[in-house]
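A short worksheet on the structure shown next.
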Amino acid sequence: MSQHDLTIKAPEEVKSYPATIKVYTRTGDKGTSSLFTGERRSKDDAVFEALGNTDELSSMLGLAIAYLQATPADTLISRLEAIQCLLQDVGSNVATPLNTEKQTSKISRTRFDPDGYHCEQLEVWIDELSEGLPVHRSFILPSGGLAASTLHVARTVCRRAERSLIPLKDDVDKETLMFVNRLSDFLFVAARWVAMKQGVSERIYVRQQGRSTEFDK
């Protein structure tokens, strides 16, 4: 097994927290939250906007996984689960700004994909899933069934996550931006692949004719 391989554990394999630990802390009741460095910022800070978007993306992938269960495309599930884990690592990187002083140990712990392996892995998966896909000369509309359409929604959330990372580009690893950018490409191809595997037709763009006017004559 490669050092990069991710192992997804079943719930019973993971050590549970004691029941006495509470979910709520009350520390954010005044509109601030803490970064991994310990610094507190307003909850509308760009960091938390980016973290919220990556969290939403992971949740959307969870919904796609639910729709993929026991279908001809369920082999994709393990890859989506691995991506969910990588998005947690993306979040850790975002929550540890590189310009933070005296936090070198935490910055090194949250370094994301320093050798570019995970971005390259996405490219390998994209190439694999692209083989045999129908070629369309028109724009493909989000469609193809529940799982495929959910992956299309995930793709748009991923694009939003990428846009929200741009204001933080000096505070996150460059590989973080590369990974999220490549991820949206993967999700587009994955959605198309799922539709093909499940035998559901994709919808393509057709120009809609409006009411004719004197300028059309």
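Looking only at atom types and distance, the side chain of Arg159 has a donor-acceptor partner in the side chain of Asn181 under 3.5 Å away. In this model, no donor atom of one side chain and acceptor atom of the other lie less than 3.5 Å apart for Ser143 and Glu202. Between Ser184 and Arg155, the side chains place no donor N or O within less than 3.5 Å of an acceptor N or O (distance only, hydrogens not considered). Using modelled atom types, one finds no donor on one side chain facing an acceptor on the other under 3.5 Å when comparing Asn93 with Thr110.
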Would you sort out whether Leu63 and Val153 count as a side-chain contact (heavy atoms from CB on, under 4.5 Å), showing the intermediate values? CA-CA 10 Å; Leu63 182 60; Val153 176; over 6 Å; no
Given salt bridge (Lys or Arg N to Asp or Glu O under 4.0 Å), test Glu56 with Arg160 step by step and report yes or no. CA-CA 10 Å; Glu56 184 180 345; Arg160 171 156 39 92; 3.1 Å; yes
Set out, in order, the CA-CA distance, both residues' side-chain angles and the distance that settles side-chain contact (heavy atoms from CB on, under 4.5 Å) for Asp89 and Asp113, then state yes or no. CA-CA 9 Å; Asp89 296 334; Asp113 199 20; over 6 Å; no
Walk me through whether Leu98 and Asp170 qualify under side-chain contact (heavy atoms from CB on, under 4.5 Å). CA-CA 7 Å; Leu98 295 178; Asp170 294 329; over 6 Å; no
What do the steps show when you test Leu177 against Ile166 for side-chain contact (heavy atoms from CB on, under 4.5 Å), and what is the final call? CA-CA 8 Å; Leu177 287 166; Ile166 299 304; 4.2 Å; yes
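Pairing each heavy atom of Ala95 with each of Val47, the nearest pair is CA-CG1, 4.4 Å. The minimum heavy-atom distance between Val194 and Ala147, with the atom names listed, is CG1-CB, 3.9 Å. For Ser164 against Ala50, the heavy-atom pair with the smallest separation is OG-CA, 3.4 Å. Closest heavy-atom contact between Leu129 and Ala190: CD1-CA, 4.0 Å. Counting all heavy atoms, side chain and backbone alike, Pro134 lies closest to Met196 at CD-SD, 4.1 Å.
Here Leu141 contributes atom CG and His152 contributes atom NE2; the two are 9.0 Å apart, rounded to the nearest 0.5 Å. Expressed to the nearest 0.5 Å, how far SG of Cys158 lies from CG of Leu151 amounts to 11.5 Å. Note that CD of Gln198 is 8.5 Å distant from CH2 of Trp193, once rounded to the nearest 0.5 Å. Distance check, rounded to the nearest 0.5 Å: CG of Leu68 to OG1 of Thr75 gives 8.5 Å. One finds the OG1 atom of Thr176 at 7.5 Å from the CG atom of Leu165 (value rounded to the nearest 0.5 Å). In this structure, Asp127 CG and Trp125 CH2 are separated by 13.0 Å, a value rounded to the nearest 0.5 Å.
Annotation for Lys174: atom NZ does not count as buried by contact number, only 12 or fewer foreign heavy atoms lying within 6.0 Å.
The shortest distance between side-chain heavy atoms of Leu57 and Val180 does not fall below 4.5 Å. The side-chain heavy atoms of Ser201 and Arg203, taken from C-beta on, include a pair separated by under 4.5 Å. Taking the side chain as every heavy atom from C-beta outward, Phe48 and Leu35 approach each other to under 4.5 Å. Taking the side chain as every heavy atom from C-beta outward, Arg41 and Pro97 approach each other to under 4.5 Å. In this structure the side chain of Leu168 reaches within 4.5 angstrom of the side chain of Val94, judged on heavy atoms. Using a 4.5 Å cut-off on side-chain heavy atoms (C-beta onward), Asp29 and Arg26 make contact. Between Gln69 and Tyr67 the shortest side-chain heavy-atom distance does not fall below 4.5 Å.
In this structure, the side chain of Lys43 does not engage the main chain of Glu49 through any donor-acceptor pair within 3.5 Å. The main-chain N or O of Ser92 is found under 3.5 Å from a side-chain atom of Thr96 such that the two form a donor-acceptor pair.
Note: the hydrophobic cluster containing Met178 does not contain Leu122 (ILVMFWY, side chain heavy atoms under 4.5 Å, direct or indirect links). Tracing side-chain contacts under 4.5 Å through hydrophobic residues (I, L, V, M, F, W, Y), one reaches Ile126 starting from Leu87; they form part of the same cluster. Placement of Ile65 and Leu76 within a single hydrophobic cluster is found when ILVMFWY residues are connected by side-chain heavy-atom separations under 4.5 Å, directly or transitively. Hydrophobic clustering of Ile, Leu, Val, Met, Phe, Trp and Tyr side chains at less than 4.5 Å, counting indirect connections, keeps Val200 apart from Ile140.
Salt bridge annotation for Glu175-Arg111: present, with a cationic side-chain nitrogen under 4.0 angstrom from a carboxylate oxygen. For Arg79 and Glu81, the salt-bridge test fails: no basic side-chain N is under 4.0 Å from an acidic carboxylate O.
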